Amino acid sequence: MRNEIIAALPELSLIQDTGLRDKVVAVWEESLGAAGFSVDDMKQIPFALLGDQASITLLERVRAVCHTCVAVADSLIASYGKRVSVNKDVLVAGALLADVGKFLEYERRKDGTLRKAPRSELLRHPFTGVGLAFRHGLPIEVMHVIAVHSKEGDHVRRSTEAIIYHHADFTNFELVR
């Protein structure tokens with residue numbers, strides 16, 4: 001499954017730290033496996049189960065938000081130089097993992113259709129994503145991006161990377177709904 005995940009997420013190559021990159025892949029492997037999904041499923045599962053967002057796959061959205069994050073970081077660095085500090089490895093790893101817990105929010109019915117899993121009412125994807133990241137020893141800075149990217153982080157002071165991700169995430173969300 002590892003090589004299939006790497007092929008499906010070419011943005012992994014943007015992570016310079018090979019150990020961090022390997023951990024990101026391991027989190028994806030565990031999330032898909034725990035949810036009973038394959039890499040082929042990863043390419044087909046919708047970002048959301050309602051409305052227009054159902055036409056966008058979770059994989060497409062993860063990749064699009066990651067690209068948005070990198071573009072914003074590059075623009076900030078080009079504009080402000082050393083006055084702004086962005087750890088691009090943390091940003092990209094966080095961007096690739098922020099929604100990895102969504103696979104645990106879905107379950108396949110016997111007829112093959114997807115539905116929201118009952119467990120998702122108790123633990124949304126930021127929590128399960130952090131749990132997976134913790135199990136694989138990802139840095140606290142990456143777990144922070146995952147934890148605070150959604151409404152759960154609205155009352156927390158976000159890091160630079162988490163601010164970039166949060167706004168990139170909601171920009172993509174608002175423009176495709």
Side-chain angles (χ1 to χ4, degrees), residues 1-35 37-43 45 47 57-104 123-150 152-153 156-173:
M1 183 183 292
R2 176 182 174 71
N3 290 336
E4 293 173 282
I5 290 170
I6 292 168
L9 287 168
E11 295 76 15
L12 286 161
S13 68
L14 298 172
I15 301 172
Q16 299 299 306
D17 180 333
T18 56
L20 178 59
R21 188 181 323 132
D22 289 343
K23 290 176 183 181
V24 170
V25 173
V27 171
W28 274 92
E29 284 179 300
E30 183 173 352
S31 179
L32 289 168
F37 294 122
S38 68
V39 175
D40 285 338
D41 292 323
M42 175 178 145
K43 296 174 184 178
I45 289 175
F47 162 67
T57 69
L58 183 52
L59 178 61
E60 287 174 314
R61 187 149 189 298
V62 165
R63 294 186 66 210
V65 175
C66 184
H67 285 276
T68 304
C69 287
V70 171
V72 168
D74 288 344
S75 177
L76 291 170
I77 292 165
S79 297
Y80 301 116
K82 294 186 186 231
R83 290 178 286 168
V84 66
S85 176
V86 180
N87 183 322
K88 286 174 90 173
D89 272 5
V90 167
L91 179 62
V92 172
L96 294 177
L97 292 176
D99 283 342
V100 75
K102 276 197 174 239
F103 291 105
L104 299 170
L123 284 177
R124 281 180 17 92
H125 66 279
F127 296 103
T128 54
V130 168
L132 291 165
F134 182 84
R135 283 174 49 95
H136 290 277
L138 274 94
I140 190 89
E141 296 84 1
V142 174
M143 289 189 279
H144 173 76
V145 173
I146 299 166
V148 303
H149 83 274
S150 198
E152 287 80 2
V156 175
R157 183 170 179 199
R158 291 179 170 108
S159 67
T160 299
E161 295 78 15
I163 291 168
I164 292 169
Y165 181 84
H166 173 73
H167 289 287
D169 184 37
F170 279 91
T171 297
N172 276 266
F173 176 80

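Because the structure is a prediction, the values reported are computed rather than measured. Numbering of residues begins at 1 and proceeds along the displayed sequence.
Counting only distance, with no hydrogens or angles, the side chain of His149 and the backbone of His166 share no donor-acceptor pair below 3.5 Å. Glu161 places a side-chain N or O within donor-acceptor distance of the main-chain N or O of Asn87, the cut-off being under 3.5 Å. Ser31 places a side-chain N or O within 3.5 Å of a backbone atom of Val100 that can act as its donor or acceptor partner. His144 places a side-chain N or O within 3.5 Å of a backbone atom of Ser159 that can act as its donor or acceptor partner. Between the side chain of Thr68 and the main chain of Ala64, a donor-acceptor pair closer than 3.5 Å is present.
Residues satisfying the side-chain contact (heavy atoms from CB on, under 4.5 Å) criterion with Ala95, sequence neighbours excluded, are Cys66, Cys69, Tyr165. Taking His136 as the reference, Ala26, Val27, Glu30, Leu138 meet the side-chain contact (heavy atoms from CB on, under 4.5 Å) condition, with sequence neighbours excluded.
Residues Leu32 and Ile5 are in side-chain contact: their nearest non-hydrogen atoms beyond the backbone lie under 4.5 Å apart. In this structure, Phe134 and Met143 have side chains that are in contact, with non-hydrogen atoms separated by less than 4.5 Å. You'll find the side chain of Lys43 stays beyond 4.5 Å of the side chain of Thr57, heavy atoms only. Considering only heavy atoms from C-beta on, Leu9 stays 4.5 Å or farther from Val24 through its side chain. Looking at Leu76 and Thr160, their side chains never come closer than 4.5 Å, going by heavy atoms from C-beta outward.
Between Ala93 and Leu20 the shortest heavy-atom distance is CB-CD2, 4.0 Å. Ile146 and Ala133 make their closest contact through CD1-CB, 3.9 Å (heavy atoms, listed as atom of the first residue, atom of the second, distance). Between Ala8 and Met42, the shortest heavy-atom contact is CB-CE, 3.7 Å. The shortest heavy-atom contact between Leu91 and Val70 is CD2-N, 4.5 Å.
Sorted by first and then second residue, the ring pair (Phe, Tyr, Trp, His ring centres under 6.0 Å) pairs involving residues 84-104 (not counting sequence neighbours) are Trp28-Phe103. Residue pairs that meet the side-chain hydrogen bond (donor to acceptor under 3.5 Å, both in side chains) test with at least one member in residues 7-26, sequence neighbours left out, are Arg2-Asp22, Glu11-Arg63, Glu11-His67. Every pair passing salt bridge (Lys or Arg N to Asp or Glu O under 4.0 Å) that includes a residue from residues 88-99 is listed here, sequence neighbours excluded: Arg61-Asp99, Asp74-Lys88. A salt bridge (Lys or Arg N to Asp or Glu O under 4.0 Å) check over residues 137-147, counting only residues at least two apart or in different chains, returns nothing.
Here the CD-CD distance, from Glu29 to Glu4, works out to 10.0 Å after rounding to the nearest 0.5 Å. Summarising the geometry, atom CD1 belonging to Ile163 is positioned 8.0 Å from atom CZ belonging to Arg158; distances are rounded to the nearest 0.5 Å.
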